[in-house]
A.B. asks: 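This is the structure, below, for whatever I ask next.
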Amino acid sequence: MKKRINALIIFVVIIIAIFLVKIFIIDRHNPMLYIEEKNINTTKVSAQKLFDYTWQTIKNEYYDPNFNDQYWLRWKNHYRGKIKTEADAKVAIDSMLTSLNDPYSRFLTKEEFAQQNSTITSKISGIGVNIINNSGKIKINSVMENTPAQFADLKVNDILISIDGKKVSGLSLSEVANLVKGPINTFVTIDILRNNKIITKKIIRKEITIKTVKSSIDKNIGYIQITSFISNSTPNEILEALENTTNTKGLIIDLRGNTGGLLPNAIFASNLFIHKGKIVSIVGRNGLNYDVMAQDTNVNIDKPIIILVDGASASASEIFSGAMKDYHKAKLLGTKTFGKGMVQKVIPMPNETGINLTIAKYLTPNGNDINKHGIKPDITVYLDKTDILQKKDSQLESAKILLNEMISSK
């Protein structure tokens, strides 16, 4: 099975390359679908020229040729002579982008652009924790298995106080993350607050591979959770999960909280179940419509499937779940998806910065434009406050009950 599907991966990438010579990607933390050009632009220019270059790029490539019904030329000289530093350029570019009334188009500083690139590879040099900002406190939200953080006995809800002697109070999550990250085999000293006690940990940094797919079996039901489509390794992880659940009679695919990922990954996942017809349509600035067609993979996954979705299931997740719903390959259970149907292009800019720019939209196989509408599940099941407090997953339990009924009636 792996050999046949590995060939599919290569084929899908070639098909997309023929059309765009690009790769579609999504920000891990925001529901955004991107096209990436190249990794980095090391050209050094003045802050004013960085603004000029950005203005021209938006003029040439933005999806809406009317630029939100405004006269785009007004921005060309709006800040002339006022941009002296890159901080000035960022303020000016951010103001210009805000005028588009587009929450998905944004400027990336050198640090933000580098962080986005590292997310795509799903490999970072760090200690293996996810952090959140909880009412101004930087807390550990999860500790990855078999990482330096786990070996150092860091725990969920530990509060970060300082990193290498620098207080984290008032810092953004990205700033804290950058302090934790560093070259492989170097040490970082972290002060944490646990049970009103400050504990100091000296932890070695290692390369951390972020897994995006998990699988398990509950009697005759296979469960596959895809937390993101962002990683280059996601296709192989999906294959591994499908192999692990081969002998089950039904399958639950959990896309809750999955804000998206690489378009080839979404197409790949769809093509495992859909062997004929279009998987997604891309509509560009000038009305160019390109249909990405399914290919016959000789892979036969013939079992009832339920896909779990919620309001955070977005973009690439919606491409997969939308295609599966349109072709009646699965029933969607949960709540309405996010509704992200626009496509962004990740454009490397001078000075190692970048810009995420909306350049197209996509449609489901039936031609549905889900932007701002989302995808309505076949079966609506909510998680209420009681479920959350009791750590009860009523959506998953409902999916198991329904799936057993589907298996019995097959």
Side-chain angles (χ1 to χ4, degrees), residues 1-9 211-229 233-258 261 265-277 279 294-310 313 316-335 337 364-365 375-383 387 391-410:
M1 178 169 146
K2 274 193 176 181
K3 288 182 179 178
R4 291 197 299 266
I5 300 180
N6 283 339
L8 170 62
I9 296 174
K211 286 188 70 70
T212 58
V213 183
K214 297 179 181 179
S215 63
S216 60
I217 296 174
D218 182 4
K219 297 178 181 177
N220 61 347
I221 293 177
Y223 172 80
I224 297 176
Q225 180 187 38
I226 307 176
T227 58
S228 170
F229 285 101
S233 65
T234 298
N236 284 332
E237 292 181 34
I238 292 175
L239 292 183
E240 183 180 353
L242 287 172
E243 284 205 347
N244 291 342
T245 57
T246 296
N247 296 325
T248 59
K249 294 183 179 179
L251 195 60
I252 295 173
I253 301 176
D254 193 343
L255 298 181
R256 293 174 297 178
N258 184 328
N265 291 349
I267 293 172
F268 170 78
S270 303
N271 214 158
L272 293 174
F273 306 92
I274 301 165
H275 303 145
K276 188 177 180 181
I279 291 175
Q295 307 299 318
D296 188 358
T297 63
N298 293 321
V299 176
N300 184 25
I301 304 174
D302 184 22
K303 60 181 73 174
I305 300 170
I306 291 178
I307 298 176
L308 295 177
V309 293
D310 64 9
S313 304
S317 294
E318 291 173 301
I319 288 175
F320 174 60
S321 56
M324 294 290 279
K325 182 178 182 180
D326 282 2
Y327 283 101
H328 306 289
K329 294 293 184 179
K331 287 190 177 296
L332 272 57
L333 185 148
T335 56
T337 63
T364 71
I375 302 172
K376 186 178 178 180
D378 299 290
I379 304 98
T380 298
V381 178
Y382 294 96
L383 283 178
D387 290 334
K391 296 184 179 180
K392 177 184 175 184
D393 194 339
S394 56
Q395 292 174 331
L396 179 57
E397 292 306 314
S398 297
K400 289 179 179 179
I401 293 170
L402 177 60
L403 195 56
N404 275 317
E405 292 174 356
M406 294 167 66
I407 292 169
S408 298
S409 63
K410 189 176 178 183

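Just so you know, these numbers come straight off a predicted model, no measurement behind them.
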A.B. asks: Could you check whether any side-chain heavy atom of N247 comes within less than 4.5 Å of a side-chain heavy atom of I217, counting everything from C-beta outward?
C.D. replies: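 Contact flag for N247/I217 side chains = no.
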
A.B. asks: Check D378 against K325 and note the closest heavy-atom contact, atom names and distance.
C.D. replies: OD1-CE, 3.6 Å

A.B. asks: Applying side chain to side chain contact (heavy atoms under 4.5 Å, CB included), run through L239 and F268 and close with a yes or a no.
C.D. replies: CA-CA 10 Å; L239 292 183; F268 170 78; 3.7 Å; yes

A.B. asks: According to side chain to side chain donor-acceptor pair (under 3.5 Å), who are the partners of T337, at least two apart in sequence or on a separate chain?
C.D. replies: E318

A.B. asks: Applying side chain to side chain contact (heavy atoms under 4.5 Å, CB included) between F273 and each of I253, T297, D302, report the one that passes.
C.D. replies: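 Of the listed residues I253, T297, D302, the side chain to side chain contact (heavy atoms under 4.5 Å, CB included) partner of F273 is I253.
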
A.B. asks: For K331, does the NZ atom have more than 12 heavy-atom neighbours from other residues, nucleotides or ligands under 6.0 Å away?
C.D. replies: no

A.B. asks: For residues P377 and V309, report the shortest heavy-atom separation together with the two atoms involved.
C.D. replies: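 It is CB-CG2, 4.3 Å.
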
A.B. asks: Any side-chain to backbone donor/acceptor pair from S394 onto L383? Under 3.5 Å, distance only.
C.D. replies: no

A.B. asks: Shortest non-hydrogen contact from I238 to F229?
C.D. replies: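 Here I238 and F229 meet closest at CD1-CE2, 4.3 Å.
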
A.B. asks: Show your reasoning for whether side chain to side chain contact (heavy atoms under 4.5 Å, CB included) applies to L396 and D254.
C.D. replies: CA-CA 9 Å; L396 179 57; D254 193 343; 5.7 Å; no

A.B. asks: For a 4.5 angstrom cut-off between non-hydrogen side-chain atoms, does F320 reach N258?
C.D. replies: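 Of all side-chain heavy-atom pairs linking N258 with F320, none is under 4.5 Å.
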
A.B. asks: Under the side chain to side chain contact (heavy atoms under 4.5 Å, CB included) rule, what do D393 and R256 come out as? Steps first, then yes or no, please.
C.D. replies: CA-CA 12 Å; D393 194 339; R256 293 174 297 178; 2.8 Å; yes

A.B. asks: How would you list all residue pairs meeting side chain to side chain donor-acceptor pair (under 3.5 Å) that involve residues 399-409, not counting sequence neighbours?
C.D. replies: D218-K400

A.B. asks: With rounding to the nearest 0.5 angstrom, report the CD1 to CG distance, I375 to L332.
C.D. replies: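 The CD1 atom of I375 sits 6.5 Å away from the CG atom of L332.
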
A.B. asks: Kindly give the heavy-atom pair with the smallest separation between T248 and I221, and that separation in Å.
C.D. replies: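 So the two residues come closest at CG2-C, 3.8 Å.
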
A.B. asks: How many angstroms lie between atom NZ of K303 and atom CG of L251, to the nearest 0.5 angstrom?
C.D. replies: 6.0 Å

A.B. asks: Between atom CD1 of I279 and atom CD of Q295, what is the distance when rounded to the nearest 0.5 Å?
C.D. replies: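 Separation between the atoms: 8.0 Å.
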
A.B. asks: Side chain to side chain contact (heavy atoms under 4.5 Å, CB included) for T335 and Y382? Distances and angles first, verdict last.
C.D. replies: CA-CA 6 Å; T335 56; Y382 294 96; 3.4 Å; yes

A.B. asks: To the nearest 0.5 Å, tell me how far I307 CD1 sits from S321 OG.
C.D. replies: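 Rounded to the nearest 0.5 Å, the CD1-OG separation comes out at 6.0 Å.
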
A.B. asks: Please report the shortest heavy-atom distance between A399 and I306, naming the atom on each side.
C.D. replies: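 Heavy atoms of A399 and I306 come nearest at O-CD1, 3.3 Å.
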
A.B. asks: Between Q395 and G334, what is the shortest heavy-atom contact and its length?
C.D. replies: NE2-CA, 3.8 Å

A.B. asks: Quick one: pull up CD1 in I252 and CG in L403 and give me the separation to the nearest 0.5 Å.
C.D. replies: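 If we round to the nearest 0.5 Å, I252:CD1 and L403:CG are 5.5 Å apart.
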
A.B. asks: Look at the side chain of H275 and the backbone N and O of N300, then say whether any donor-acceptor pair between them is shorter than 3.5 Å.
C.D. replies: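 No, the answer is negative, given that no donor and acceptor are paired below the 3.5 Å cut-off.
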
A.B. asks: Any chance you could measure I226, atom CD1, to L308, atom CG, to the nearest 0.5 Å?
C.D. replies: 11.5 Å

